[in-house]
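Notes for the one structure printed next.
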There are 4 protein chains.
Amino acid sequence: MSAQPRTARGTRTRARLLAAAEEVFASAGYHDASIVKITEQAGIGLGTFYLYFAGKQEIFDEVVDDLNARVRHAMTEAARTAGTRLEAERAGFRAFFRFTAEHPALYRIIRQAEFVSPAAQRRHYENIVRSYVHGLAAAQEAGEVRPVDPEVAAWALMGMGELFGMRYILWEAEDRGAGGPRVEIPDRVLDELMGIIQRGLAPAPAPADRPREDASHE
Amino acid sequence: MSAQPRTARGTRTRARLLAAAEEVFASAGYHDASIVKITEQAGIGLGTFYLYFAGKQEIFDEVVDDLNARVRHAMTEAARTAGTRLEAERAGFRAFFRFTAEHPALYRIIRQAEFVSPAAQRRHYENIVRSYVHGLAAAQEAGEVRPVDPEVAAWALMGMGELFGMRYILWEAEDRGAGGPRVEIPDRVLDELMGIIQRGLAPAPAPADRPREDASHE
Amino acid sequence: MSAQPRTARGTRTRARLLAAAEEVFASAGYHDASIVKITEQAGIGLGTFYLYFAGKQEIFDEVVDDLNARVRHAMTEAARTAGTRLEAERAGFRAFFRFTAEHPALYRIIRQAEFVSPAAQRRHYENIVRSYVHGLAAAQEAGEVRPVDPEVAAWALMGMGELFGMRYILWEAEDRGAGGPRVEIPDRVLDELMGIIQRGLAPAPAPADRPREDASHE
Amino acid sequence: MSAQPRTARGTRTRARLLAAAEEVFASAGYHDASIVKITEQAGIGLGTFYLYFAGKQEIFDEVVDDLNARVRHAMTEAARTAGTRLEAERAGFRAFFRFTAEHPALYRIIRQAEFVSPAAQRRHYENIVRSYVHGLAAAQEAGEVRPVDPEVAAWALMGMGELFGMRYILWEAEDRGAGGPRVEIPDRVLDELMGIIQRGLAPAPAPADRPREDASHE
DNA sequence: AATGAATGAGAGTTCATTCAT
DNA sequence: GATGAATGAACTCTCATTCAT
């Protein structure tokens with residue numbers, strides 16, 4: 001386990017290392033992210049790194065967990081204010097895409113984790129699924145979502161989010177070049193996506209009358 | 001560009017290198033996949049590698065493109081025999097999951113490509129999307145799929161496929177250990193997934209019943 | 001030169017450092033004995049070390065000199081009560097072996113000194129030789145030891161002691177494992193050794209008695 | 001295990017590495033003998049080292065075993081031509097001292113082995129003891145050596161040789177400075193030493209002549 | 001066409017030592 | 001008197017690539 005600092009100065013140093021590592025892992029990738037680069041980015045000496053982390057892998061894991069906590073926080077915060085489950089879903093997606101735009105590190109780092117730290121990667125996805133399942137199960141009890149297996153639905157939602165984030169945030173950002181305003185997912189695309197999700201998860205209409213299948217949305 | 005062999009013997013050597021590279025990249029990851037490992041796996045001399053490939057990156061790209069072609073072939077072959085578009089989708093997913101189970105390399109290698117060869121990764125996803133868009137557009141003309149933007153729908157399908165492959169094929173395989181029969185996606189899970197997709201993409205009911213289904217959304 | 005403590009507390013700290021250093025040098029070897037390990041073993045802060053010692057080499061030298069003084073003390077104490085020189089020799093050997101068993105540090109540290117601090121090593125051997133020479137010269141005057149060059153005899157005695165200590169104390173201890181009672185040199189071995197020494201150093205018999213003492217040799 | 005070269009060039013390279021390692025270990029000590037120094041001394045590239053040796057420890061072990069074989073060869077060769085056992089002993093010692101003078105590496109490296117490779121060190125001493133025991137046992141059967149435990153006698157001889165080599169060869173050489181002719185052990189010293197050994201191991205005279213030689217020792 | 005010996009830049013990591021607190 | 005955060009030179013080791021055979 002990584003050593004905890006015992007002084008305020010140490011705490012600051014450790015935090016700077018984590019922030020630097022996030023940046024370097026995101027821009028250079030795990031393997032090209034040398035400890036030297038991380039410490040230079042953090043503005044501290046090379047040896048200092050090893051006062052706080054046992055090695056590269058360890059700080060990587062911590063960065064993954066940190067990003068995971070932050071993205072989940074952003075998503076649940078956004079969803080909290082929504083009315084229906086579908087509004088919550090839309091708000092959660094928006095928050096996720098926004099986080100992706102602001103922290104491309106999340107994306108790139110999670111994918112790296114495939115080989116670098118499978119356990120951390122799994123933790124990441126499972127944490128998010130857990131959030132989704134929690135929300136979906138509640139919505140099902142309220143009759144807002146049809147009784148599909150919430151875990152299956154959660155993976156479906158997360159899969160769509162993952163690739164839309166890649167396609168409509170990261171690729172756009174790359175194509176536009178480094179500078180420029182934050183990329184947002186186009187409303188049109190988000191609408192289409194939410195339409196698919198909504199219809200996919202909407203409760204079955206009462207057998208006789210299903211006149212307003214989409215009435216609740218928005 | 002990689003040199004093409006001029007003799008039958010050379011052709012065989014090159015093919016062995018590609019097969020070995022796929023295996024080594026999948027099991028060790030790009031960075032730990034040394035040229036020595038690849039040539040040892042292929043049973044040829046180290047120097048020989050450079051007769052056929054300019055370097056590690058180049059053979060990686062070729063492995064990506066090769067896997068991409070094979071998985072698309074498997075998917076379209078499976079879909080070709082299906083009746084409706086949704087049956088085709090189901091068959092395509094099945095084929096994709098089967099391919100994932102048989103070639104975990106696909107998965108692991110594509111994710112690696114994020115940093116190793118972004119262009120190859122993008123090519124991979126875009127190729128698959130193109131297939132989907134092709135099929136969806138045709139289905140829309142036939143009235144089998146509602147008029148969503150086929151590209152958006154394609155990314156949604158691919159996203160779900162990607163994470164379901166990870167969750168229900170790769171993770172299962174890991175949890176079960178090395179030996180054992182090929183992992184299949186549980187029918188129950190595939191049914192639930194296809195249900196969501198079907199409802200999400202199903203054409204709107206007859207105009208008389210639902211005149212303005214999407215009208216409200218911004 | 002190392003700083004001398006000015007308070008009782010400082011004296012205690014310095015002593016703890018020396019004791020810790022002896023232990024760590026003996027178990028880990030000079031190079032793997034980091035200052036951190038020594039200060040941890042001593043239960044004091046890292047920086048405190050440099051209040052009392054100029055560096056690693058200096059504390060090493062002091063440990064060597066300390067062990068040297070202690071082993072010589074043990075040997076002369078033991079020899080002091082003996083009757084004849086040969087009895088004194090036997091008692092001295094016993095004491096040396098006992099010290100070796102109780103302080104394997106002596107051995108390991110002296111051998112390390114070969115490169116780490118040749119001067120300290122030389123001091124160690126010369127100090128012991130001086131003791132031996134002193135005793136042998138006195139015994140020669142008393143007619144108990146034949147008139148060999150006492151320094152040559154001293155080195156011979158010390159050489160035997162050194163390797164017997166290694167072979168019959170340290171190796172035995174290693175072979176028996178960590179726990180267990182203190183290893184003693186077997187009486188049989190000590191008897192044989194003392195027999196060789198005794199005959200080697202015994203005074204020539206009275207001229208009348210020794211008609212053919214050396215007759216066999218060469 | 002260290003890789004064996006497959007070509008003549010490789011064989012030459014490996015031999016140069018071993019020779020360079022012997023020199024560097026002897027002059028700098030194990031810990032200060034970096035792989036860089038060894039390869040520079042050998043005149044080859046750093047990376048080449050790892051084609052032939054798994055690491056520093058491995059080449060060290062091989063150097064120890066190599067030196068051990070050579071010193072034993074020198075000793076047995078010298079002893080082979082001698083007449084009596086005691087002449088053989090004297091010739092063996094001479095050869096040992098000569099080898100020590102020509103290859104101070106032996107000495108310094110064996111002492112290092114205490115921590116670096118205890119197994120190799122033990123192998124070294126046991127090999128030499130075995131030689132001695134072999135010779136002593138034969139001499140005992142011939143009545144040239146008294147019936148002491150040959151192993152005890154062997155350790156005694158080796159102990160004396162070890163410290164005389166240090167005192168009269170290495171220290172002399174150091175005191176005389178780098179240049180200069182090879183140091184030889186002074187005849188006077190060797191004579192005194194052999195006298196002690198001779199008397200120590202000489203067979204007991206006919207009972208009538210020396211009735212109570214061992215009576216005093218307990 | 002095929003080989004494997006050779007290379008050296010660059011990686012992760014350690015640790016004696018300094019110094020502000 | 002005591003501390004521990006900070007440092008960077010120096011270490012061992014890896015590996016993509018070159019080239020003589």
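As a basis for the values below, the full set of heavy atoms in this structure was taken, side chains included, without hydrogen atoms, waters or symmetry mates. Labels below follow one simple rule: chain letters A, B, ... track the order of the sequence lines, proteins then strands, and each chain is numbered from 1.
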- Query: Which nucleotides of nucleotides 13-21 of chain F have their base under 4.0 Å from a protein heavy atom (B), which only their sugar-phosphate (S), and which neither (-), written as one string 5' to 3'?
  - Reply: BB-SBB---
Any ion pair linking [Y] and [X] (charged N to carboxylate O, less than 4.0 Å)?
| X | Y | answer |
| --- | --- | --- |
| Glu62(A) | Arg14(A) | yes |
| Glu22(A) | Arg70(A) | yes |
| Glu174(B) | Arg122(A) | yes |

From [atom1] of [X] over to [atom2] of [N], roughly how many Å is that when rounded to an integer?
| X | N | atom1 | atom2 | result |
| --- | --- | --- | --- | --- |
| Phe53(A) | dA5(F) | CZ | C1' | 15 Å |
| Leu51(D) | dT7(E) | CG | P | 9 Å |
| Arg16(A) | dA5(F) | CZ | P | 15 Å |
| Ile38(A) | dT13(E) | CD1 | P | 11 Å |
| Glu40(A) | dA11(E) | CD | P | 10 Å |

- Message: So which atom in Val36(D) and which in Thr39(D) form the shortest heavy-atom distance, rounded to 0.1 Å?
- Response: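 Taking every non-hydrogen atom into account, O-OG1, 3.0 Å.
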- Message: To check you understand the geometry: which heavy-atom pair defines the closest contact between Ala113(D) and Gln121(D), and what is its length?
- Response: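 In terms of heavy atoms, the two residues are closest at CB-CB, 3.7 Å.
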- Query: If you draw the axis of the six-membered ring of Phe25(D), does the NZ or CZ of Arg108(D) fall within 45° of it and under 6.0 Å from the ring centre?
  - Reply: no
- Item | Identity of whatever pairs with dA20(F) - Watson-Crick or G-U, under 3.5 angstrom |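 Paired with dT3(E).
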- Query: Across all strands, who's sitting opposite dT14(E) as a Watson-Crick or G-U wobble pair, both distances under 3.5 Å?
  - Reply: dA9(F)
- If each of Gly10(C) and Gly43(A) is mapped to the nucleotide of DNA chain F with the nearest heavy atom, which maps nearer the 5' terminus, i.e. the 5' end?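 With Gly10(C) and Gly43(A) compared, the 5'-side residue is Gly10(C).
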- Item | dG1(F) phosphate, OP1 or OP2, under 4.0 Å from Thr13(C) side-chain N/O |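 Indeed not, no polar side-chain atom of Thr13(C) lies that close.
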- Message: Below the 4.0 Å mark, does dA5(F) have OP1 or OP2 next to a side-chain nitrogen or oxygen of Tyr52(A)?
- Response: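 Checking Tyr52(A) against dA5(F): no side-chain N or O falls below 4.0 Å of OP1 or OP2.
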